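What follows is a set of notes on a single structure, which appears directly below.
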Amino acid sequence: MDKKHIKALRKIVGEDNVYDDKAHMIAYSYDATRTRYEPDAVVFPRHEEDVSAILRYCNDNHIVITPRGAGSGFTGGALPANGGIVLGFEKHMNKILEIDMDNMVAVVQPGVINMDLQKAAEAVGLFYPPDPAGQDYTPLGGNVAENAGGMRASKYGITKDYVMALRAVLPNGDLIRAGKKTIKDVAGYNIAGILVASEGTLAVITEMTLKLISKPKL
Ligand SMILES: Cc1cc2nc3c(=O)[nH]c(=O)nc-3n(C[C@H](O)[C@H](O)[C@H](O)COP(=O)(O)OP(=O)(O)OC[C@H]3O[C@@H](n4cnc5c(N)ncnc54)[C@H](O)[C@@H]3O)c2cc1C
């Protein structure tokens with residue numbers, strides 16, 4: 001990638017949030033398929049506006065983008081097979097924004113680790129059931145983009161059963177909001193449902209509203 005693009009990306013997200021050194025290229029080159037493709041840069045957006053500006057810039061300049069969680073997927077979706085930039089959310093976009101007790105939902109950023117949400121929900125008597133085996137280290141953005149499920153699936157369902165709403169950025173930088181935090185959200189297409197399991201091919205997910213249930217009594 002031409003150095004002018006690195007410079008432009010640093011202008012968008014700041015010096016500290018764009019890396020093109022060899023160590024980062026190796027660290028962000030793999031997923032659980034054990035295949036490796038090095039990106040040209042790794043970029044850590046600070047917020048949704050950064051994601052939008054990055055995607056707009058990359059779209060205009062024909063630079064490939066690969067969103068990445070923990071790189072634990074078995075589909076190859078997190079591999080930057082055509083170079084370009086890897087987008088990481090673990091540095092900044094890793095917050096539980098809200099646990100809404102009235103509507104029994106959590107609003108989270110893509111870099112929140114699954115187990116951290118489980119713990120936060122259980123601390124207030126609620127429960128987030130999807131428990132993929134990598135629940136201790138995989139972020140919810142990757143879980144949603146892969147529609148992950150674990151041992152509790154047969155009783156409680158999988159990630160798609162808990163996605164109420166999403167915010168996401170389209171390849172041209174436009175922001176979309178899909179779904180609502182209320183159960184009776186019946187109008188229109190189920191766009192949030194299309195983004196679940198889309199493996200980063202349709203949009204970059206920037207915020208998720210996830211259904212919580214009452215904590216089961218053991
Ligand atoms: C040891 C192990 C155990 C596993 N156990 C299970 C299991 O029990 N159940 C199960 O379902 N799966 C399991 N998996 C695979 C599972 O898909 C992942 O663990 C997890 O859901 C992927 O999360 P990740 O953040 O690592 O995704 P990554 O591998 O980083 O990315 C996966 C896909 O999501 C996309 N993506 C990531 N973040 C975003 C975003 N913000 N917006 C748009 N796209 C995005 C990527 O581009 C890529 O296509 C396991 C994997 C491992 C290695």
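All ligand and atom numbering here is 1-based and tracks the order in the structure. These numbers were taken from a predicted model, which means no experiment stands behind them.
Separation of the Phe127 and Tyr156 ring centroids falls under the 6.0 Å cut-off.
Qualifying salt bridge (charged side-chain N to carboxylate O under 4.0 Å, His left out) partners for Asp136, counting only residues two or more places apart in sequence or in other chains: none. The side chain to side chain donor-acceptor pair (under 3.5 Å) test applied to Glu199 returns no partner, not counting sequence neighbours.
Using modelled atom types, one finds a donor on one side chain and an acceptor on the other under 3.5 Å when comparing Asn17 with His92. Between Asn143 and Thr138, the side chains place a donor N or O and an acceptor N or O closer than 3.5 Å (distance only, hydrogens not considered).
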Show the atom names and distances, to 0.1 Å, of all donor-acceptor pairs under 3.5 Å that link a side chain in residues 206-218 to residues at least two apart or in another chain.
from   : atom 1 : to     : atom 2 : distance (Å)
Thr206 : OG1    : Glu48  : OE2    : 2.8
Thr206 : OG1    : Arg167 : O      : 3.1

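For ligand 1, residues of the protein lying within 4.0 angstrom by heavy-atom distance are Ala32, Pro67, Arg68, Gly69, Ala70, Gly71, Ser72, Gly73, Phe74, Gly77, Ala78, Phe89, Pro110, Pro132, Ala133, Tyr137, Thr138, Pro139, Gly141, Gly142, Asn143, Ala145, Glu146, Ala148, Gly149, Glu199, Gly200, Ala203, Val204, Ile205.
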